[in-house]
Amino acid sequence: MEIRYNEKLKKLPPYLFIEIDRKKKEAIERGEDIISLGVGDPDLPTPEHIIKSMQKSVTNPANHQYPFGTGLLSYRKAVAEWYKRRFSVNLNVDEVCALIGSKEGIGHIHLGFINPGDVVLIPEPGYPVYNTGTIFTEGIPYFMPLLKKNSFLPDLDIIPADVLKKAKLLFINYPNNPTAAVATKEFYIRLIEFAKKNNIIVASDVAYSEIYYGENEKPLSFLEFSGAKEVGVEFHSLSKTYNMTGWRIGWVCGNKNIIAGIAKVKDNYDSGVFQAVQEAAITALTSSQQCVEDVRKIYKERRDILVEGLKNLGWEVDLPKASFYIWAKVPKGYTSSQIVSKLLDEASIVCTPGNGMGKSGEGYIRFALTVNVPRIKESVERISKIKW
Ligand SMILES: *Cc1c(COP(=O)(O)O)cnc(C)c1O
């Protein structure tokens, strides 16, 4: 029998990071000593106290059943308390829903709010899942370019009126993957006003909110600003903050009617997050945050070495204030893909082509700071030997 995939599945581009992973594995099979700065997956282990908590929780038979619903009350309370401490934002427990990693919620929110033909406003370059969910629900993506001249913030004022009329949902992501940009207070205030005026749900993805480099430059939550809860929700993840990408745990919080819509979709798709994982996440959120401080220090050292190294070689790069990415302008006369190939072929370094995450990313490549300092130094050394 011939297996035929549906049109939506056929429309999806190959998932970028799976492609990059495939190329990396091929090179490793050829025996190359690859340095992977491609996929944004922390190389550091989950902190010990979180693992211990999981080990204890996993033995409890009460955790062996379907979790169901929006998450343990104790998890949602821990999230609300964390939010209050971190952002001074008050959340009720019905304004929080546990997610099987934030990607799960980001990919499913469309099912709650998008009808065929509705427009979804998507930043590009950006995380591919914003668009995937749009294609699956037969929504129409409208891409908002993130350009350096606008500090990599979308220009809301240039979106045409006929697009706005059909727009139902807008994604934003600061600290930004891939550009490493952060959003300003002024941007969020303007965004809330814009969303209210045009009746558009805001979905703010803050997976990197805790990966910042200056005490005075802590990334903001969009929910800190007046009126935000009327128009939107925020997606959080424990993946990057606590090196827990494999555990699959995050949450969405904010407007309770939007949360209810997402929860209804989830009730019909999955049966919740393994409770032992939720309990480990409570430990992560309520214990000392020293482990996060340590992670920030590690990324900062890596960031400084790579940025300094690239600058010394004449590359145009900004020192990011947050996220663990370096968004580097490619040397003159080359495209993003040409540089990615050159780095792989001549330096055995894997990185991400900017245009792979959206056409405005052309002319840039993204390095993820997910290898240790000796390997970062080795990368700079290898790049310095490339013949141009
Ligand atoms: C890593 C990442 C996520 C989600 O990670 P989960 O592991 O699914 O929680 C969400 N958004 C962006 C932009 C990311 O880079």
Side-chain angles (χ1 to χ4, degrees), residues 15-18 20-21 37-44 46 50 71 75 79 82 96-110 120 122-134 144 146 152-154 169-183 202-212 219 221-222 232-253 262 266 269-270 272-274 277-278 280-281 284-285 292 295 299 320 322-327 351-352 354 356-358 361 366-370:
Y15 196 72
L16 180 66
F17 300 105
I18 294 177
I20 290 170
D21 200 54
L37 306 171
V39 185
D41 190 351
D43 56 310
L44 302 162
T46 304
I50 301 172
Y75 176 68
V79 165
W82 181 86
V96 180
C97 176
L99 296 172
I100 311 168
S102 63
K103 180 180 181 182
E104 181 258 308
I106 292 166
H108 282 151
I109 184 174
H110 309 71
V120 181
I122 300 172
E124 67 85 11
Y127 192 52
V129 190
Y130 312 138
N131 186 34
T132 312
T134 307
M144 305 181 289
L146 305 185
F152 300 108
L153 297 166
L169 179 64
L170 171 150
F171 284 96
I172 40 153
N173 166 225
Y174 296 100
N176 184 252
N177 173 9
T179 68
V182 291
V202 174
S204 163
D205 172 0
V206 290
Y208 298 94
S209 70
E210 303 317 294
I211 313 298
Y212 54 82
S221 158
F222 132 89
V233 289
E234 197 148 75
F235 288 91
H236 278 258
S237 170
L238 280 86
S239 290
K240 315 291 164 48
T241 310
Y242 303 101
N243 306 321
M244 290 174 73
T245 47
W247 297 59
R248 312 312 303 132
I249 175 94
W251 74 84
V252 55
C253 60
I262 296 170
K266 283 176 57 58
Y269 266 96
D270 63 68
V273 181
F274 184 21
V277 172
Q278 292 189 52
L285 294 170
V292 191
V295 160
Y299 287 133
S323 86
F324 51 53
Y325 298 114
I326 304 296
W327 187 238
C351 64
T352 304
M357 298 184 74
R366 190 195 75 176
F367 295 107
L369 298 167
T370 48

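What you are looking at is a predicted structure, and each value in this text was computed from that prediction instead of being measured. Counting convention: from 1, in listed order, for ligands and their atoms alike.
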Chemist: I'd like to know whether the aromatic ring centres of Phe171 and Tyr127 sit less than 6.0 Å apart in this structure.
Modeler: no
Chemist: Measuring only between side-chain heavy atoms, which start at C-beta, is Phe152 closer than 4.5 Å to Pro123?
Modeler: no
Chemist: Counting only N and O atoms by type, is there a donor-acceptor contact under 3.5 Å from the side chain of Arg366 to the main-chain atoms of Gly38?
Modeler: yes
Chemist: Please tabulate, one line per pair, the protein nitrogen or oxygen atoms found under 3.5 angstrom from a nitrogen or oxygen of ligand 1, with distances to 0.1 Å, or say none if there are no such pairs.
Modeler:
from: ligand 1; atom 1: 7 (O); to: Ser239; atom 2: OG; distance (Å): 2.5
from: ligand 1; atom 1: 7 (O); to: Arg248; atom 2: NH1; distance (Å): 2.8
from: ligand 1; atom 1: 8 (O); to: Ser102; atom 2: N; distance (Å): 3.2
from: ligand 1; atom 1: 8 (O); to: Lys103; atom 2: N; distance (Å): 2.8
from: ligand 1; atom 1: 8 (O); to: Arg248; atom 2: NH2; distance (Å): 2.8
from: ligand 1; atom 1: 9 (O); to: Ser102; atom 2: N; distance (Å): 2.7
from: ligand 1; atom 1: 9 (O); to: Ser102; atom 2: OG; distance (Å): 3.0
from: ligand 1; atom 1: 9 (O); to: Ser237; atom 2: OG; distance (Å): 2.6
from: ligand 1; atom 1: 9 (O); to: Ser239; atom 2: OG; distance (Å): 3.4
from: ligand 1; atom 1: 11 (N); to: Asp205; atom 2: OD1; distance (Å): 3.3
from: ligand 1; atom 1: 11 (N); to: Asp205; atom 2: OD2; distance (Å): 2.6
from: ligand 1; atom 1: 15 (O); to: Asn177; atom 2: ND2; distance (Å): 2.9
from: ligand 1; atom 1: 15 (O); to: Tyr208; atom 2: OH; distance (Å): 2.6
from: ligand 1; atom 1: 15 (O); to: Lys240; atom 2: NZ; distance (Å): 3.2

Chemist: To the nearest 0.5 angstrom, please state how far the CD1 atom of Ile172 sits from the OH atom of Tyr130.
Modeler: 9.0 Å
Chemist: When you measure from the side chain of Glu234 to the backbone of Val206, do you find a donor-acceptor pair of N or O atoms at a distance under 3.5 Å?
Modeler: no
Chemist: Checking Tyr174 now: which residues fulfil ring-ring contact (aromatic ring centres under 6.0 Å, His included) with it, not counting sequence neighbours?
Modeler: Phe187
